[in-house]
Amino acid sequence: MTADRDTIYDDLGIPSVINATGTKTRIGGTLVREEALEAMNRAAEAFVRISDLQAAASERIAAVTGAESGYVTNGASSALTLAAAACIAGDDLGVMARLPDTDGIPSEIVMPRTHRNGYDHALRAAGADIVDVGGNDYHLGTGSENTQPWQIADAITEETIAVAYMEKPFTQPPLPKVVEIAHEHDVPVIVDAAAELPPTENLSKYVDQGVDLVAFSGGKAIRGPQSSGILAGREDLITSVARQHLDMHAAEPVYEPPEDLVDVATLPGVPLQGIGRSMKVGKEELAGLIAALDAFVEQDDEAVLAEWHGRAERIAADLEGVDGLDAELENAGKTDAVTTVAVTVDETRSPVDAGELVLALRRENPRVFVGADDVHRSQFTINPRCLPDDEVDYVIERIAAQVDTE
Ligand SMILES: *Cc1c(COP(=O)(O)O)cnc(C)c1O
């Protein structure tokens, strides 16, 4: 069996990737929806004032999230940077101009220690310092709580500008409790929910729970442009984001951004290029994200999850029949998670271990990517969400070929 592929990557002389691992940025994230591609092409045909387009996007994001306001960012990661910048600077143009230098400016973000992750670099990029609280007891089996609500309250001081929360179905303490504590101390809550879609209802869930800013990836389940993201939340904070993100180089007499987004009456002058300027969002990404979001909210989550589940079942059944491999479904039946296939490599029967197998697949042309997070447990993972049905047999055949000793 061969993979006869005709991709632009083949034209460029580099291997394309068959994606059996889900929406990973390092292999291109997602496949952009038709509706979004069409919108991007049309956006490329004419000029528009970016602030007008952001204002239009803002209204739509507000409508689907229930937030006061919204903004299109350069990925969820830059949504977090801009969120931190807004919480540090508020409406202070001087502070905006100084970021990421926060000497003498309150800039601490309190975060449960078990929520720390590689993406929190985005918060620090704005100039914030993360103060992590609590322990790792639940994970270690040394206790039932990682971070207790009182520890968050205890860590909030005059230096605190936000509480950050990494949302997963299992993160503790519960978000509403964290919001309650933060708000008792007049501190906003920033939520990273980049990958928490579907279900579609999560678009509004965190706003309903009272969070001040929430970030979603535009290039994962929404299937918008790969370098797009959404920030939704409080109007005053989104205004601060706009002031720090939009290209502002305008002569004062002609400075007239959309009122809803940047209230000029409250400004002493024209803001300088802010910290967000290096996280530019083009008209194509903006139009594409809007179109993708419109299509995403119309989507039937159950049907999508059922399609992925069916594909995972088929893969698990086929791999279970391969000598040296044991395949098991994970997350089956959950409404907030994709059914995946965990494959264990039995090293007594297989000529290669899990790491060698995964690496060999990635060295092929086309590269075949399966999930490698659990190779230390002799496992690899197949996520069916980005794998078209007509590539399933090829992936199974290439995996089986690695353990075939004949
Ligand atoms: C993917 C992801 C991000 C980054 O999202 P981008 O849209 O790629 O910038 C941030 N946080 C978490 C938890 C993610 O899964």
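Heavy-atom basis, side chains included; hydrogens, waters and symmetry copies ignored. This structure is a prediction, so every number in the text was calculated from the model and none was measured. First listed ligand is number 1; within each ligand, the first listed atom is number 1.
Nearest to atom 11 (N) of ligand 1 by heavy atom, out of N74, T23, D192, is D192.
Distance CG/L357 to CZ/R362: 11.0 Å, rounded to 0.5 Å.
Residue contacts with ligand 1 for A76 involve both N, CA, C or O and side-chain atoms from C-beta outward (heavy atoms, distance under 4.0 Å).
Ligand 1 lies less than 4.0 angstrom from a heavy atom belonging to M166. In this structure, K220 is part of the shell of residues with a heavy atom less than 4.0 angstrom from ligand 1.
The distance from ligand 1 to the heavy atoms of T25 drops below 4.0 Å at these ligand atoms: 8 (O).
The shortest side-chain heavy-atom distance between T147 and I152 falls under the 4.5 Å cut-off.
On a distance-only criterion, Y119 and ligand 1 share no N/O pair closer than 3.5 Å. Ligand 1 has a nitrogen or oxygen under 3.5 angstrom from a nitrogen or oxygen of S217.
A salt bridge does not link K334 with D336: every distance from a Lys NZ or Arg NE/NH1/NH2 to an Asp or Glu carboxylate oxygen is 4.0 Å or more.
Without hydrogens or angle criteria, T65 side chain to I61 main chain gives a donor-acceptor distance under 3.5 Å.
For CG of D91, the number of neighbouring non-hydrogen atoms (other residues, nucleotides, ligands) closer than 6.0 Å is 12 at most.
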